Structure formats: C-alpha cells, structure tokens
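Indexing begins at 1, ligand by ligand and atom by atom, following the structure's order. In this text the structure is predicted, and so the values were computed from the model without any measurement.
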Amino acid sequence: MSNYKVKIKGTGMYVPKKVLTNVDLEKIVDTSDEWIFERTGMRERHICSTEGGEWPTDMALYAAKDALKAANLEPNDIDFILFGSVTPDYKLPNSATVLQTKLGITNNCAALDISAACSGFVYGFNMATAMIRTGMIKNALIVGSEMLSREVNWEDRNTCILFGDGCGVAVVGRNEDENDQSDVLATYLGADGTGKEFFDQPIGGAVEPITEEHLEKKNYFMQMKGREMFKVATRTLAGNAKRVLEQTELKLEDVDWLVPHQANIRIIETTGKLLGIDPDKVIINIDKYANTSAATVPMAFHEAIQEGKIKRGDIVMFDAFGAGLTTGATLIKY
Ligand code: UT7
C-alpha cells in the first residue's frame with residue numbers, strides 16, 4: 001500500500017454579509033453586550049440571508065473557489081468532497097453533491113456529508129488524510145459550512161447568542177514533492193454517545209417529526225446544557241492534544257499554533273491552561289464570528305494564514321469537540 005505525504009494545498013472561507021452584534025441581540029432577548037462578551041468572548045456573528053445566495057453550499061462554493069485558486073487546482077482535480085455540517089441545504093440530496101454541481105465538477109467524484117457537529121471538519125480532514133495517504137484519492141475538498149441561525153430559538157438567550165453562520169474549507173492532497181516536508185503528522189477521532197443529551201435537537205427527525213404542537217411550543221430547535229458541555233469540552237480538548245502528540249516525537253513546545261474549536265473563549269483559555277501552552281500560540285477569532293460549529297476550525301486556520309501568523313513549515317494542531325459528543329484532533333506540518 002502507498003504511503004503518500006498529505007498536504008493542505010489551499011484554504012478559503014466565507015461569512016455572510018449581515019453582521020449581528022451583541023448590542024443588536026440586546027433588542028431580541030434579555031441579555032447584554034457585557035454578559036455575552038465576558039462569558040463567551042463573542043462580540044458579533046454573521047447571519048445568512050434567507051433570500052438565497054448564502055445557503056451553506058453557496059458559502060462553500062465561494063470558499064472552495066478561493067481554496068482551489070490557492071492550491072492551483074481546477075474543480076475537476078477534486079476526487080472527494082467531504083461536507084461537514086449539521087445545517088445542510090436539504091435533507092436530500094446531501095450538500096456535498098449540491099456543491100459538486102455548483103462547482104461544475106463533472107468527474108463524478110465521491111461526495112459525502114458528515115454530521116459530526118463542531119467536529120465535522122476535523123472528521124472530514126482526518127478521513128481524507130487516510131484516503132490520500134493510501135493512494136485511494138489524490139485531492140479532497142474538506143468543508144465546514146453552517147447556517148446555525150436557522151436552527152436556534154431566537155427567544156432562548158441561553159443558545160441564540162452563541163452561534164453564527166459561516167464556512168471554511170481546505171483543499172488537501174497528495175504531496176509528491178520529495179523536498180516538501182508538508183504532511184499530516186498525527187490524527188485522532190472519537191465520540192462519547194453518553195453525553196448526547198448535553199447538546200441535541202431531537203425533534204424534526206425520523207423519531208419525532210415536527211407537528212403543530214412543536215411549532216406552537218417552539219421546542220424543535222437546538223438545545224444545550226451549557227455548563228455540562230463546558231466541563232467536558234475542556235477535558236476533551238486537552239486530552240486530544242496529548243493523544244496526537246503521543247503519536248509523534250514532538251512535544252507541546254514544538255507546536256507553533258493551536259487552532260481550537262471556537263465555542264467559548266473561556267473553554268479555549270481553560271484548555272490552554274490545562275495543557276500549559278503559550279496563549280500567543282492559540283488562534284482565536286470567536287469575537288468576530290461566534291460559534292460556527294464545523295466551520296470554526298477551518299475559518300480560524302484560514303484567517304491565521306491570511307494574517308501571516310501560520311506559515312509553511314509550522315507545526316499546527318486542530319482540536320475540536322461538539323454535539324454527539326464527537327471530538328477530533330489533527331497535528332500537521334503545514
Ligand atoms: O460548540 C459546542 C457547543 N458549545 C459549548 O459547548 C458551549 C459550552 N458552554 C458555554 O459556553 C457556557 O456554559 C455558556 C456561555 C453557554 C453559559 O455560560 P455560563 O457561565 O456557564 O453561564 P450559566 O449557564 O451558568 O448561566 C449563568 C447565568 C444564569 O442565571 P442565574 O441562573 O445564575 O440567575 C443564566 O440564566 O446567566 C444567565 N444567562 C444569561 N444572562 C444574560 C444565560 N444566558 C444569558 C444571556 N444573557 N444570554
């Protein structure tokens with residue numbers, strides 16, 4: 001079996017034009033800019049247009065075009081689209097096939113949606129890594145794209161303030177250049193279904209389709225036990241970092257950048273303290289975008305590259321967790 005190096009060839013992101021600030025939220029629910037910023041680190045989030053043009057696959061289209069350009073590849077060079085989202089355009093067909101058509105891909109490449117909540121991008125990335133490593137595919141388009149504004153109850157201050165819409169993508173492919181050291185160094189994926197009630201949306205699926213009563217009670221939205229999630233999140237994220245490092249000769253000091261899931265600034269800071277990582281090495285953009293679920297890691301990664309923080313050759317760690325509870329981490333030499 002082949003053992004190809006795996007390289008991130010290009011990245012991209014898209015956020016909707018409409019910005020919703022904490023001050024705007026003060027007019028919608030009983031909250032304050034001060035409370036939200038102190039408890040979460042969030043200042044504003046972007047919200048998709050409901051008129052069209054910013055559906056999850058549209059955002060993915062714009063982001064993917066930029067990522068393909070950066071990778072110097074054509075849409076038909078993609079062999080697999082892995083689309084991480086809990087807010088797909090439709091129940092059927094999957095968003096990956098919709099994106100395939102929007103990109104004008106005519107090679108019949110495989111197209112799969114991944115429902116792993118906030119870990120969706122890392123799940124896709126690690127799965128694609130295995131397929132590229134073994135020669136099964138050459139280039140994959142990994143997407144995290146979410147329109148969470150559709151699934152939150154805008155009357156519930158416990159949840160509606162936390163989320164935003166957006167998309168991040170990465171084009172990942174075979175690295176055949178002997179002199180290019182870019183590679184994926186370690187991966188980890190896991191889940192613990194016993195925590196499924198900490199963050200769920202049980203109504204609207206096969207078991208309990210939405211009825212008039214649900215519409216009246218408005219109980220068909222996402223619901224979260226914030227404190228429980230918080231505790232599990234910090235432990236899990238810190239544990240993931242150790243798991244991927246253990247697979248290599250590297251130590252925490254060798255990691256140049258940690259790109260964690262952006263759920264709450266306090267989760268990120270607590271995780272950083274548990275690990276003992278230099279806070280300057282942690283990428284944070286939660287103030288601008290809030291929690292965009294599967295999109296946070298690729299958006300934060302892309303922005304950090306654009307800002308000149310993350311450079312080729314740097315050791316970068318992705319670290320995510322989310323509803324399920326799903327989790328995953330990746331260690332790369334970018
Ligand atoms: O991506 C994965 C999913 N996301 C997460 O895992 C997030 C994990 N959890 C968190 O980020 C935090 O737990 C929250 C930000 C959700 C909540 O922060 P907290 O410090 O755990 O607050 P709390 O839930 O303990 O609530 C404290 C108080 C409560 O009032 P009482 O009971 O102390 O009187 C809440 O009712 O804050 C109140 N509260 C609010 N006040 C103003 C809750 N939401 C708001 C709000 N504005 N939006």
Side-chain angles (χ1 to χ4, degrees), residues 20-45 84-87 114-123 144-149 151-166 168 190-201 221-240 259-274 283-287 289-300 318-329:
L20 188 74
T21 65
N22 293 349
V23 175
D24 296 329
L25 279 166
E26 287 175 0
K27 292 168 208 134
I28 301 173
V29 284
D30 179 15
T31 192
S32 65
D33 175 36
E34 198 187 5
W35 191 95
I36 300 172
F37 186 67
E38 266 176 21
R39 300 284 180 129
T40 69
M42 299 167 187
R43 282 278 189 219
E44 55 190 40
R45 69 282 297 135
S85 185
V86 287
T87 53
I114 299 174
S115 176
C118 308
S119 313
F121 176 83
V122 174
Y123 260 71
S145 190
E146 301 279 14
M147 186 175 173
L148 295 159
S149 57
E151 301 299 331
V152 295
N153 182 352
W154 287 101
E155 291 176 12
D156 176 14
R157 68 174 185 174
N158 290 298
T159 50
C160 75
I161 57 127
L162 297 171
F163 299 99
D165 301 336
D192 176 8
T194 62
K196 64 184 183 303
E197 76 280 4
F198 292 167
F199 189 13
D200 61 5
Q201 191 176 5
F221 296 104
M222 298 189 315
Q223 53 195 26
M224 185 173 67
K225 294 189 171 67
R227 272 179 233 182
E228 280 83 347
M229 283 298 278
F230 195 105
K231 275 183 253 163
V232 185
T234 49
R235 273 203 313 270
T236 308
L237 289 169
N240 286 351
V259 185
H261 171 48
Q262 315 276 314
N264 186 321
I265 188 87
R266 292 183 296 131
I267 292 178
I268 297 172
E269 285 169 357
T270 308
T271 305
K273 276 184 200 144
L274 284 173
I283 304 293
I284 294 169
N285 64 2
I286 194 170
D287 51 320
Y289 309 116
N291 181 350
T292 55
S293 186
T296 69
V297 169
M299 278 169 48
F318 301 149
D319 200 353
F321 83 101
L325 305 170
T326 61
T327 193

Shortest protein heavy-atom distance from atom 14 (C) of ligand 1, along with the residue and atom involved: N264 ND2, 4.3 Å
Top protein contact for atom 7 (C) of ligand 1, by heavy-atom distance: M224 CE, 3.8 Å
Flag side-chain contact, heavy atom, 4.5 Å: F198 against M224: no
T40-ligand 1 polar pair, N/O distance under 3.5 Å: no
Nearest candidate to atom 20 (O) of ligand 1, where distance is taken over non-hydrogen atoms, out of M222, R39, R157, E26: R39
Nearest neighbour in protein (non-hydrogen) for atom 16 (C) of ligand 1: L162 CD1, 3.8 Å
Under-4.0 Å heavy-atom contact between protein and atom 33 (O) of ligand 1: no
Nearest non-hydrogen protein atom, atom 6 (O) of ligand 1: M229 CB, 3.2 Å
Residue and atom name of the nearest protein heavy atom (relative to atom 39 (N) of ligand 1), distance in Å to one decimal: W35 CZ2, 3.4 Å
Atoms of ligand 1 close to I161 [distance to a heavy atom under 4.0 angstrom, numbered from 1]: 48 (N)
For A117 against S293, the heavy-atom pair lying closest together: C-OG, 3.5 Å
4.5 Å side-chain heavy-atom contact, P260 and T271: no
Any T326 side-chain heavy atom under 4.5 Å of Y123 side chain: yes
Under 4.0 Å to a heavy atom of F199 - the qualifying atoms of ligand 1, by number: 3 (C)
Residue among I267, D287, N291, I284 satisfying side chain to side chain contact (heavy atoms under 4.5 Å, CB included) with Q262: I284
Selection from T31, T234, N158, D33 by shortest heavy-atom distance to atom 47 (N) of ligand 1: T31
Protein contact for atom 1 (O) of ligand 1 (heavy atom, distance under 4.0 Å): yes
Non-hydrogen side-chain atoms of T21 and D24 separated by less than 4.5 Å: yes
Ligand 1 contact on N291 by region, counting heavy-atom pairs under 4.0 Å: side chain
Check: N264 and F230 side chains under 4.5 Å, non-hydrogen atoms: yes
Closest contact, heavy atoms only, F321 versus C118: O-CB, 3.1 Å
Atom indices of ligand 1 within 4.0 angstrom of H261 heavy atoms, with elements: 1 (O), 2 (C)
Is_contact(atom 29 (C) of ligand 1), protein non-hydrogen, under 4.0 Å: no
For ligand 1, the portion of V29 having any non-hydrogen atom under 4.0 Å away: neither
Any A233 heavy atom less than 4.0 Å from ligand 1: no
M42 backbone acceptor or donor facing N22 side chain under 3.5 Å: yes
Under 4.0 Å to a heavy atom of I267 - the qualifying atoms of ligand 1, by number: 8 (C)
For atom 18 (O) of ligand 1, the protein heavy atom that lies nearest, with its residue and separation: R266 NH2, 3.4 Å
Residue, atom name and distance, where the atom is the protein heavy atom closest to atom 9 (N) of ligand 1: G226 O, 3.0 Å
Donor-acceptor contact present, side-chain T296 to main-chain T292, <3.5 Å: no
Closest approach of any protein heavy atom to atom 26 (O) of ligand 1, naming residue and atom: R227 NH2, 3.9 Å
Short side-chain to backbone donor-acceptor contact, R157 and T31, under 3.5 Å: no
4.0 Å heavy-atom contact, F321 with ligand 1: yes
Per-atom contacts of ligand 1 with C118, taking only distances under 4.0 Å to non-hydrogen atoms: 1 (O), 2 (C)
N158 side-chain N/O to G226 backbone N/O, donor-acceptor pair under 3.5 Å: no
Side-chain heavy atoms of F163 within contact of R45, under 4.5 Å: no
Check: L325 and K196 side chains under 4.5 Å, non-hydrogen atoms: no
